[in-house]
Amino acid sequence: MTRQLLVTSALPYANGPIHIGHLVEYVQTDIYVRFQRLRGHRVAYMCADDTHGAAIMIRAQKEGRTPEDFIAEMAESHQRDFAAFGMSFDHYGSTNSPANYEQCKHVWAALRAADLVVARNVERLYDPVQKTFLADRFVKGKCPNCGAEDQYGDSCEKCGATYAATDLIEPRSVHSGATPELRESRQLFVRLEPLQPFLQEWTKAGTLQPEVMNYLHGNFLAKPLQDWDVSRPAPYFGFEIPDEAGQFWYVWFDAPIGYIASTAEWCAQNGQQLDDWWRNPECEIVHFLGKDITYFHTLFWPAMLKTAGFELPKKVQIHGFLRVNGEKMSKSRGTFVMARSYLDQELDPGCLRYYYASKLSPGIDDLDFNTDEFVGKCNSDLVGRVVNLASRSAKFVKNVGLSATYPEDGDLFANAAECGDRIAAAYEACDYREAMRLCMTLADAANEFVEQRAPWTLKKDPDRAQELQDVCTVVLNLFRQIAIYLTPVLPDLSQQAGELLQSPIESWDQSRTPLTGTAVSKFKHMMQRVDADKVAALFTAPATDAATDAATDAATDAVANAAPAAAGPSPTLAKEPLADQITIDDFLKVDLRIAKVLAAEEVPEARKLLRLTLGLGGGETRNVFAGIKGKYDAASLVGRQVVMVANLAPRKMKFGLSEGMVVAAGTDGGVFLVSPDEGAEAGQRLH
RNA sequence: GGCAGGAUAGCUCAGUCGGUUAGAGCGGUGGCUUCAUAAGCCAUAGGUCGCCGGUUCAAGUCCGGCUCCUGCUACCA
C-alpha cells in the first residue's frame, strides 16, 4: 500500500548559520524522507527559515540594514549548506511570506471563533522617549542573577538565567537609552485550558516517544494549562495582528504555521491541493525536532491545528542535542562547528550523515560527536568494509560483466534480502543505529565470503575463469544490496554503485533480485578515507564566521584558551580553568570590602543558605544570603571578618533580598571563607 | 530541593513477555592473508549488569529503598 507522508524538520532560526548540531536533525529527517521515497511512498518534505522576532530585528539594526535584507542572506546561507549535505527538501520557504500570513490569519480567525483569544492588561516596560512598549529583547540591563552587564530582557547570555524584563537591574531601552517605565499594556492570550482534555488524550495516543509523554504529563498537563501570551507590542519584526493594531504575533505563533505555508507554496507550484496534505486523514504528518522546543510542538501546536481544523501529526520524533567529545558544544572551546567549516575542510558530507545515522536511536538522548570514533567508523565501516567489497571484486570482471545466472552463494543474498525487512523496520522506527549495525553485519558476511573464495587465487588459473566471475557476481550483488540499504543515508554512494553496475538504484525492492548478465564499469573510488587532521582542525579553529553573533561571542569567549598546554596539569585548574585576562578597569568594577559578621542565622527551609548581616563599619550593613549552610555553623561566624562583594546587584531570593556576596573558595569538596590578616578593619576596600 | 531520564566489557551501546553459559561494534592481544583506498579474515582476553533488600522455581529485567550522573527547574550569589 502506498502511503502519503508530509514530513518536516524544525525551521532553523535566521539569526545565524547552520552548525553541526542543527545537522543532526536535518540528517535524521532526510534519511527518513529518502527511506520512505525509496519504499515507493508519496512524500513531501517541507522546511523553511524561521525569520521573525526581536532578535532578528536587532541584528539587522546593528548591521544597519533591513530585516528583510538580513533574512534573505541567511536563507541563502542555510539553503546552500543544506544542499551541500544532501537535504532533499521538496520545498524550502520562509515564515516571512504572504503564504504564511494567509495561514496565520486563518488559524487566528479559528482561535477567535472558538473564543480562545482573550485580552488582558499586563504591566510592560515602556520607552517614554520612543513612546513604544518594549519587547524583552529591546531592554538591556544587568542580569538580576549574575550581574553581568548589557544583557537582554529575557535571558542572560553569561549565566543562562531566564527572567522577566522587569527583573533587569538598571534597565534601559535599546532604542533611546531611556529608563523604561512600567505601563499597562493590552496583551492577547490564547486560552489552552479548554483544550486540555483533548491534549491529555492526544499526548497519550502513541504519537510521542514515551519519555516525552511523561515529560508533558509531569510538567504541564498535571495542572491547568496557562494562557499563552501570543502578542508582542510594536516595534516587532513579524506580522501585525489583523484585528489588533500595534500588536504582532509572537514568533512562536507563526513559526510552526510555516510548515503549512511552505506546503501551500509547494502545492501552488506543483498542482497539489493543500487539503490533500493537511486535512486528509490518510496523510501522515511527521515532525522532527529537538528536545528544546518540545512543548511548542506538543501543546500549543496541536491546539492550534485542532482548532483550525487541520489534521494532527501522526508522529513527533524528538531528538537530543549534539555534544562534542562528551561536552556541550561551545564557541570558546571551538566545538561550535559550522556546517560551512566542515565543508571548507573538504570533509565528505556523507561521512557525517553516516556517522550521525550510526549514533541515532529513537530516543531523545543527546548524541556525542567523538572525533576518534568518527574517523574510525567512516574509515573502517564505509571504506574498509562496504566500499572495499566493490574495490576488491569489480576489477576482476570489468571485461566480462556479471554471470548470466546468479551463482550458488550459500544463501548469502537471500539472507541479506530477508535482513532488509529488519533494516526497513529500523529505519521506520528512526532506529538508524540498528539499521547501520545490520548493514555492517551484511558487509562482514560478504567480506568473509571474499576471503573464503579468494578471487585473487582464482585469477591465476585460466580454467577457473567461470568460478572467478561467479564469485565476483556474488560479491558485487551483496555490495549492491548494502548500497540499496544505505541509500537513505548515502545517496552519493548509492548513485556510484548504480553507475558501477550500470543499473540505477531507485527502489528498495531492487534488493530482492540479484543483477545478472550485465556489464560492470571500471571501478572508481567511491569514498575517500577521512583525514584525522582535518577533523582535528575543525575543533581547534575558533568560530570566526562573520555571521556569528558578535554579542554571543563576547559572552562565551570569556573562558577561551582555558586549557593551556602546561607541563603539569592541575586537577583544580582543570576543573575551573583560569579566566581570560582582564584590564585593571575591569577589576576596579568589583568593590571587594572587609566585612564583619554581625549576625548569622540558618534559614530553616533552605538547604544551603545562611542569612548573614554584614557590617561595613559606621553602621553600614548588608543583608547577604550565603550558600554555606552545613559547611559553617552560624553561631561560630558571628564576630569574624570576611571579604564581600559590596557592589553586587541585589538579588531577590525566596527568603529575602541578598545585597552582596561573601567571597569563598570551593570546589565540590567544601567551602572555605576568606579572612584578612589581623589589623584589617571592616569597610576597607581590597586593592 | 522538585520533575524527568539514566547507570550493563576500557569506550559507545543492545538486551523483547522474568527463562539455558549476559551480547554487538570499536579498542586491546595473538595469528593468517596480500585481491583491495595501510583495506580483509580467524582466534582470544575483558562483566559483582551502580548498591541494599524484597517477590519468584528463576531477576540485568518486576517491586521498595539508597548512591551517583545528565537535563529542565529552583534558594546552590
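- Checked by atom type, the side-chain pair A:Q317/A:H287 shows no donor-acceptor distance below 3.5 Å.
- Contacts of A:G384 with the nucleic acid, taken as non-hydrogen atoms under 4.0 Å apart, involve only primed sugar atoms and P, OP1 or OP2.
- Base pairing analysis places B:U21 opposite nothing; no Watson-Crick or G-U wobble pair with both distances below 3.5 Å involves it.
- Among the heavy atoms of the strands lying under 4.0 Å from A:V387 is at least one base atom, whether or not backbone atoms are also near.
- One finds no side-chain N or O of A:R392 lying less than 4.0 angstrom from the OP1 or OP2 phosphate oxygen of B:A39.
- Ring geometry for A:F369 versus A:Y355: interplanar angle over 60°, hence perpendicular rather than tilted (30 to 60°).
- Taking side-chain N and O atoms only, A:R385 has a distance below 4.0 Å to OP1 or OP2 of B:C26.
- In this model, the phosphate group of B:A39 is not approached by any side-chain N or O of A:N379 to a distance below 4.0 Å at OP1 or OP2.
- Note: A:Y432 and A:Y356 fail the aromatic proximity criterion, with ring centroids not under 6.0 Å apart.
- Taking atom P on both B:C11 and B:U56, the two are 37 Å apart, rounded to the nearest angstrom.
- Contact annotation: A:K291 does not reach the phosphate of B:C72 (side-chain N/O to OP1 or OP2, under 4.0 Å).
- Atom C1' of B:A22 sits at a distance of 8 Å from the matching atom of B:C49, rounded to the whole Å.
- Taking atom C1' on both nucleotides, B:G28 is separated from B:G46 by 9 Å, rounded to a whole Å.
- A cation-pi contact links A:K291 to A:F321, judged by a cut-off of 6.0 Å to the six-membered ring centre and 45° from its axis.
- Applying the 4.0 Å criterion to OP1 and OP2 of B:C13, one finds that A:R433 has every side-chain N and O outside that range.
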